[in-house]
Amino acid sequence: MAEYILVINPGSTSTKVAVFDGEKELHSMNIDHPAEELKKFVDINEQLPFRKVAVMKYLESQSLKPSDLAGIAARAGAIGQLESGAYLIDETFVNACRTSQIPHPANLSPIIAYEIAEEAGTGICGYAYDAVCGCGVPDPIFTYTGVPEIKKPFFTHVLNSRAVSIEQAKKDGMKLEDTTYIVCHLGGGVTSNLIKGGKVLDFVGDDEGGFSPERSGGVPCRELVKFCFRSGLSEKQVQKKLKGQGGLTAYLGVNDARDVERMAFEEGNEEAKLVYDAMIMQLSKDIASLAPVVCGKVDKIILTGGMAYSSYLTAEMEKRVSFIAPVSVSAGTYEMEALAKGIHRVLAGEEQAQVL
Ligand SMILES: Nc1ncnc2c1ncn2[C@@H]1O[C@H](COP(=O)(O)OP(=O)(O)OP(=O)(O)O)[C@@H](O)[C@H]1O
Ligand SMILES: CCCC(=O)O
């Protein structure tokens, strides 16, 4: 009998959806939400009904009803500090998503999953897996910022970074517990993650290090403070400048690294080449900055995410960081597969879902 798992993974400009039969993907789709459509909503929470309709239409397009599903896998966002792995989406979990003070599109998917599970009326459940905040309780040494009132928040690309680490350990014939990897997730936002024994030990966040296609990365903090007071912008507007309209988007007006490469290499746009090279160099510095945490004992550096499809970018990064450890490229993301596999393990009784 089929074990249909609906997978929901909302991003800032799209909702990725898929149907798996157990561990096997039957169909997947990226539902794009154009900027004009999203502009109608004041904040991410307002997008809930709109995103749910998109997911329901997708399910229908696959000739499936909620009651046909064995479970629902949802990427979860920033709702405190969770452990890695699976969480049952119950009312407490849903409330945490609704009341989160940290806007993230993946705060919506557990709510959608919960509502669809309820509508199924068959007792099925939704589960979150490796949430953005699923790093576990960090060792205090990694949380100091120099301003006691501000602690480093532990939000990163947990899902994809852990998934590629698991795959890399398999390829290398190593036990995950014995591995130490630096995983650089090269997406619309970029994070570099030190994954030791399959867990996020430390990382350089999307607001700390190099800039990325849509995010500013770290900005000299005293200059940023001056800018905030001088600019006359609201907090929301400044946040948008840092996340969504920062990085390549701010400098070049495009958020797709392929467009930047076209500008730099086909159209001879020198500014585009300089900005792109600056980004690559800064992101390489982020990777290298994690090596001292483990005294340089790194088994592999893994480049993953959409930008890892670029052979120019990966070759440039490899040149700069391979003195630390061999570099392996795992282009694209494994988030949908990781979500489905995690929930399949829960349904098969191989992994226990945690409760908030
Ligand atoms: N062939 C390619 N060459 C260069 N860049 C690419 C290629 N394919 C995709 N990208 C880039 O990958 C980025 C998106 O990556 P990805 O899909 O991993 O991120 P996302 O899911 O949108 O965001 P995030 O991972 O931060 O949540 C875009 O900037 C896109 O330009
Ligand atoms: C930086 C946290 C991960 C994400 O942006 O989704």
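Note that ligands are numbered from 1 as they come in the structure, with each ligand's atoms numbered from 1 the same way. Side chains included, hydrogens not; waters and symmetry mates left out as well; all remaining heavy atoms used.
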Using distance alone, determine whether G305 and ligand 1 share an N or O pair under 3.5 Å. no

Where ligand 1 meets P213 - atom numbers and elements under 4.0 angstrom, heavy-atom basis: 29 (O)

Purely on distance, is any nitrogen or oxygen of G306 under 3.5 Å from one on ligand 1? yes

Numbered in order shown, the ligand 1 atoms found under 4.0 Å of a heavy atom of G187 are 15 (O), 16 (P), 18 (O), 19 (O), 25 (O), 26 (O)

Pair T179-D299, side-chain donor/acceptor within less than 3.5 Å: no

Please report which non-hydrogen protein atom sits nearest to atom 23 (O) of ligand 1, along with the residue it belongs to and the distance in Å to one decimal place. G188 N, 3.2 Å

Numbering the atoms of ligand 1 from 1, which are under 4.0 Å from a heavy atom of T333? 18 (O)

For ligand 1 and K16, I'd like to know whether there is a polar contact (N/O to N/O, distance under 3.5 Å). yes

N or O pair under 3.5 Å between N255 and ligand 1: yes

Does K243 reach ligand 2 with a nitrogen or oxygen that is under 3.5 Å from one of the ligand's nitrogen or oxygen atoms? no

Residue R215 vicinity, atoms of ligand 1 by number, heavy atom under 4.0 Å: 26 (O)

H185 and side-chain hydrogen bond (donor to acceptor under 3.5 Å, both in side chains): which single residue from T333, T156, N160, N193 fits? N160

Could you find the nearest protein heavy atom to atom 5 (N) of ligand 1 and give me its residue, atom name and distance? A257 CB, 3.5 Å

Closest to atom 13 (C) of ligand 1 (judged by heavy-atom distance), picking from M307, K243, R258: M307

If we only count N/O pairs under 3.5 Å, is R75 in contact with ligand 1? no

Answer side chain, backbone, both or neither: which part of E261 comes under 4.0 Å from ligand 1, heavy atoms only. neither

L339 side chain near L159 side chain, heavy-atom distance below 4.5 Å: yes

Of the choices S311, S310, G11, which has the non-hydrogen atom that lies closest to atom 4 (C) of ligand 1? S310

Within the 4.0 Å heavy-atom cut-off, what E335 brings close to ligand 1 is neither

Considering only the protein, which heavy-atom contact is closest to atom 31 (O) of ligand 1, and what is its distance? D256 OD1, 2.6 Å

Is there a heavy atom in H104 that sits closer than 4.0 Å to ligand 2? yes

Whether the S328 and Q168 side chains hold a donor-acceptor pair (N or O, under 3.5 Å, no angle test) is what I'd like checked. yes

What protein heavy atom sits nearest atom 1 (N) of ligand 1, and how far away is it? Y309 CB, 3.2 Å

Give the residue and atom name of whichever protein heavy atom lies nearest to atom 25 (O) of ligand 1, and the separation in Å to one decimal. H185 NE2, 2.7 Å

Does any N or O of ligand 2 fall below 3.5 Å from an N or O anywhere on T191, backbone included? no

Do the side chains of L201 and I195 get nearer than 4.5 Å, heavy atoms only? no

Heavy-atom distances under 4.0 Å are what count here, so tell me which part of E214 touches ligand 1: side chain, backbone, both or neither. neither

Mark the output for R215 as yes if a heavy-atom distance to ligand 2 is under 4.0 Å, and as no if none is. yes

Taking 4.0 angstrom as the limit, do K300 and E318 come out as a salt bridge? no

Would you say E261 and Y276 are linked by a side-chain donor-acceptor pair, where the criterion is simply a distance under 3.5 Å? yes

